[in-house]
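Data first, discussion second: the structure below is written as structure tokens.
For clarity, every value in this text was computed on a predicted model and none was experimentally measured. Both backbone and side-chain heavy atoms feed into the values below; hydrogens, waters and symmetry mates do not. In listed order, ligands and their atoms are each counted from 1.
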Amino acid sequence: MHQGIMKAWIESSHLNGANSTYVEQMYEAYQEDPQSVTEDWRVVFDNLPPASGTTVDVPEASHSKVRDYFRSLALDGRQKGSPKVTDHEVDAKQVKVLQLINAHRFRGHQNADLDPLNIWKRDTVSELDPAFHGLDGDDMEREFNTGSFAHGGETMKLADLVKALKATYCGSIGAEYMHITDTDEKRWIQQRFEPSLGAASYSKTDKTRILEGLNAAEGMEKYLGAKFPGAKRFSLEGGDALVPMMREIIYRAGDAGTKEVIIGMAHRGRLNVLVNILGKKPSELFDEFAGKHGDELNGSGDVKYHQGFSSDFETPGGNIHLALAFNPSHLEIVNPVVIGSVRARLDRRGCDTGLQVMPITIHGDSAITGQGIVQETFNMSQTRGFKVGGSIRIVVNNQVGFTTNMTEDVRSTEYCTDIAKMVQAPIFHVNADDPEAVAFVSQLAVDYRNEFKRDVVIDLVCYRRHGHNEADEPSATQPIMYAKIKKHPTPRKIYADRLIAEKTMGSDDVTSMVNDYRDALDHGDCVVKEWRPMTLNSVDWTPYIGSEWNDPYDAKTPMAKIKNLVGKISYVPDSHKLHSRVAKIYKDRLAMAAGEKLLDWGFAETLAYASILEDKKRIRITGQDSGRGTFFHRHAVLHNQNDATAYMPLRNIADDQGPIDITDSVLSEASVLAFEYGYATAEPSGLTLWEAQFGDFANCAQVVIDQFLSSGEQKWGRLCGLTMLLPHGYEGQGPEHSSARLERFLQLCANHNMQVCVPSTPAQVYHMLRRQVVRPMRRPLVVMSPKSLLRHPLAVSSLEEIAEGTFQNLIGEIDEQDASKVDRVVFCSGKVYFELLERRRKEGLDNVALIRVEQLYPFPLDEAANILAQYAHVKDYVWCQEEPQNQGAWYCSQHHFWSVIPAGAQLSYAGREASAAPACGYPALHAQQQESLINSALKLSK
Ligand code: AMP
């Protein structure tokens with residue numbers, strides 16, 4: 001033992017206020033990471049008996065030895081008088097007391113009273129027992145220093161301290177926060193939690209408000225149950241406290257100055273939230289139960305428990321706009337949608353703290369732990385492109401997943417919320433039968449989120465009074481649980497009895513509250529007294545509603561403007577040292593800007609963004625490599641080789657230009673695409689783009705494409721102008737990096753729900769991107785974007801084509817050709833066009849015309865008719881594609897081709913044979929297949 005240990009021990013002996021806190025802080029740090037404390041202290045702590053969460057496992061005997069040794073060192077060091085042995089015993093016990101406090105902070109939640117049904121079996125945590133720490137009967141009457149425990153004075157009788165610890169950490173709230181490494185955050189939570197022993201004292205008004213929430217939650221479900229017996233409503237009953245919880249959160253957010261709260265939730269309790277929080281009229285809901293629907297939607301509509309809603313809500317701190325996001329059945333996928341919507345609103349408000357717009361996501365206990373999208377969303381929560389200043393995440397934990405048992409079958413973690421620890425979110429487990437505890441954590445959660453701008457979780461431990469839906473018989477699979485539930489009083493009854501017992505309310509008051517609510521439902525009008533008509537909506541969607549893809553528009557950019565912009569996008573300050581390969585690209589861009597070189601893809605695409613920014617519109621681009629571009633073609637974000645700073649030419653277009661964010665995304669497709677969908681459905685005026693690294697990766701986000709992008713407008717009337725860039729093309733890269741699965745998108749096309757484009761030239765990409773913003777129609781744009789075409793010598797355009805052209809949905813023959821000699825017309829899309837063209841030129845064929853379909857959906861029938869007019873004599877039409885026959889456009893688009901060719905003409909297929917895999921893996925086989933399909937399209941025998 002060296003001198004340093006002795007000094008440390010002596011300094012901390014008699015652990016008075018400051019010293020004990022210091023030791024305790026170090027001990028906590030040591031428990032997180034033994035290497036984070038100095039070696040002196042590591043040795044001291046290594047030799048203490050094991051406590052929860054520690055990595056040491058030292059037998060008590062060795063600790064005694066060390067302690068005795070320290071005691072003798074302390075005796076030697078104290079120099080004044082003859083120290084009493086009892087002092088040193090107290091010293092040792094004092095350390096144990098601090099360990100006991102720490103054990104409660106770490107593990108108190110494991111013995112908290114969380115389960116209203118009391119069926120959740122939990123092991124007793126021995127570290128929470130004073131005896132475990134060697135603190136016995138006599139010690140209970142002694143005063144000990146309480147370190148940083150923020151209740152009472154500096155010292156407390158151990159018996160009182162134990163009581164206070166139990167009340168704080170083992171009552172109706174189980175606070176899990178010691179996994180957070182930031183000491184300030186932990187201290188903040190302790191300061192909020194410990195002084196009041198994990199509870200707040202509520203006034204009569206507060207208590208009445210809380211009971212009103214429970215009364216509304218229960219009243220609503222009972223009313224629906226009686227009026228529409230057996231109809232699916234995914235009752236909230238058992239988790240009724242969600243309603244007062246949401247109200248507390250919204251009130252607290254109002255106090256903090258929040259202007260919008262965006263909510264995402266699945267079906268459980270949704271009708272209750274719609275009526276009791278958002279203020280949807282009960283009469284409208286009843287009409288939906290009766291099978292009626294309003295005329296405002298022309299689409300297919302959706303079931304009532306997927307519907308969204310918007311309203312304003314008055315709080316003492318100011319009105320808040322509430323929006324409940326529309327939601328498909330697919331659990332948890334709405335979360336990134338909500339976060340994306342929040343980010344769009346924050347960006348629009350210029351608020352980068354997150355304060356003005358707050359997300360609340362409501363999860364199921366099985367889903368939050370089972371669905372990977374939750375992990376993806378947590379992972380986004382602190383990243384540059386996706387953060388929103390934290391989300392309030394609520395779990396309606398009814399301890400059963402449909403019919404699956406919670407502990408044995410649904411998860412492998414202790415809590416369903418363990419996933420939140422990956423971002424060190426604090427987690428407050430709370431017994432839903434104690435609505436005051438629920439209100440307490442609700443306020444705490446809002447304050448934590450606003451203070452630290454990070455996610456926070458409330459685990460509302462409750463039960464489900466009925467089956468998964470009201471037609472189910474839950475006793476068949478959960479007999480013990482449901483026997484208990486049948487006898488268990490409702491949360492409203494429990495709380496009302498409590499208020500009556502403590503004389504806050506009389507039983508008559510309680511009965512009238514029940515009757516008044518039922519009468520209000522009978523009446524059918526809004527039951528939320530804070531409801532206000534929407535006035536805070538900052539976006540007017542009316543200019544976009546009812547617009548169609550073929551409405552006329554003017555997206556032209558005059559040459560003078562183009563010339564100004566090309567200079568701006570090619571300029572890089574001399575001080576910003578580029579990598580040599582990037583410098584070469586920018587040198588070429590200068591030549592393109594000067595008109596010395598034809599424009600390539602990257603230049604035209606960047607120019608499109610510049611023109612949109614100059615129009616003061618916002619642009620947001622995300623994707624896994626969107627700054628550079630997967631294929632090294634974009635280079636919108638330039639990295640200084642000397643100091644790694646970034647320069648974006650697109651941010652330097654004009655003083656009053658629109659804002660642009662180009663951010664490399666987290667390595668996910670589902671959550672990022674869902675986020676961008678949410679962003680684009682809340683921000684119609686600009687251009688929102690998501691780029692897949694390779695197009696086939698989009699199939700990881702298939703649920704977003706199916707449930708939101710392709711069908712959201714039809715189901716929910718929600719417009720979305722998101723653009724998806726999906727690199728696509730058969731270049732011998734194997735089954736996974738060839739196809740963006742064009743067929744999947746085409747199969748989803750109907751009712752002009754989205755556009756599927758395959759632009760083949762730089763000018764086309766320019767016009768396509770501009771059109772997406774300038775034209776008022778807001779519908780998803782799915783782009784099969786190129787790879788090798790990015791640098792193809794024929795895929796170039798002139799500045800004139802940019803300034804004077806427009807997007808061509810179909811491009812006819814470009815070579816001088818006598819149409820009367822043509823006996824075959826080949827339709828195609830994308831890069832295969834250039835292979836056909838080169839081969840035709842090489843072979844000197846003058847009998848085959850090539851027509852590029854640049855927009856496969858909506859199919860441009862009129863333009864096709866115009867171009868085909870000159871080939872009225874032709875009987876032989878071919879669709880040529882690189883994809884296998886069962887993929888690509890052949891099956892999904894051929895009815896369009898049939899509809900534009902002359903009556904009696906034939907349409908045949910030139911492409912790869914049907915195949916289970918999208919592409920072959922052998923380069924030689926790829927080349928052979930490619931040669932064969934070109935030959936077949938051009939009627940060449942070779
Ligand atoms: P929100 O701010 O999401 O609550 O939306 C307020 C109102 O704007 C809604 O009630 C709709 O009328 C309209 N709105 C919002 N988003 C869209 C959208 N993506 N498409 C069409 N209308 C929308």
Point to revise | Selected option - heavy-atom contact closest to atom 17 (C) of ligand 1, from W541, F309, F326 | key: W541
Check your understanding: Hey, which atoms in ligand 1 end up nearer than 4.0 Å to a heavy atom of G717?
Key -> 20 (N), 21 (C)
Practice item. Decide whether R634 and S626 meet the rule of one side-chain donor and one side-chain acceptor closer than 3.5 Å. Key: no
Point to revise | Sub-4.0 Å atoms of ligand 1 with respect to non-hydrogen atoms of T681 | key: 16 (N), 17 (C), 18 (C), 19 (N)
Exercise for review: Would you check if there is a donor-acceptor pair between the side chains of Y677 and T688 at a distance under 3.5 Å?
Suggested key: no
Check your understanding: Judged by modelled atom types alone, do D664 and Q624 share a side-chain donor-acceptor pair under 3.5 Å?
Key -> no
Review point. Going by the angle between their ring planes, with limits at 30° and 60°, are Y448 and F452 parallel, tilted or perpendicular?
Key: tilted
Exercise for review: Please name all residues satisfying salt bridge (charged side-chain N to carboxylate O under 4.0 Å, His left out) with R252, sequence neighbours left out, ordered by chain then number.
Suggested key: D447
Review point. Looking at ligand 1, does E713 have a heavy atom less than 4.0 Å from it?
Key: no
Exercise for review: For ligand 1, indicate whether the residue R778 contacts it via side chain, backbone, both or neither (heavy-atom separation under 4.0 Å).
Suggested key: neither
Study note, to complete from the structure: The atoms of ligand 1 lying under 4.0 Å from a heavy atom of M534, numbered in the order shown, are 6 (C), 10 (O)
Check your understanding: Taking only heavy atoms of H321, which atoms of ligand 1 are found under 4.0 Å from at least one of them?
Key -> 1 (P), 2 (O), 4 (O)
Revision key, fill the gap. Honestly, for E260 the part within reach of ligand 1 (heavy atoms, under 4.0 Å) is neither
Point to revise | Ring centre gap for F234 and H267 strictly below 6.0 Å | key: yes
Practice item. For R345, counting its heavy atoms only, list the atoms of ligand 1 lying under 4.0 Å from any of them. Key: 1 (P), 2 (O), 3 (O)
Exercise for review: For S341 and ligand 1, answer yes if some heavy atom of the residue is under 4.0 Å from a ligand atom, otherwise no.
Suggested key: no
Review point. Does L322 reach ligand 1 with a nitrogen or oxygen that is under 3.5 Å from one of the ligand's nitrogen or oxygen atoms?
Key: no
Practice item. Answer with yes or no after comparing the ring centroid distance for Y223 and F228 against a 6.0 Å cut-off, counting only values under it. Key: no
Exercise for review: Please say which of R348, R343, R620 ends up in a side chain to side chain donor-acceptor pair (under 3.5 Å) with E683.
Suggested key: R348
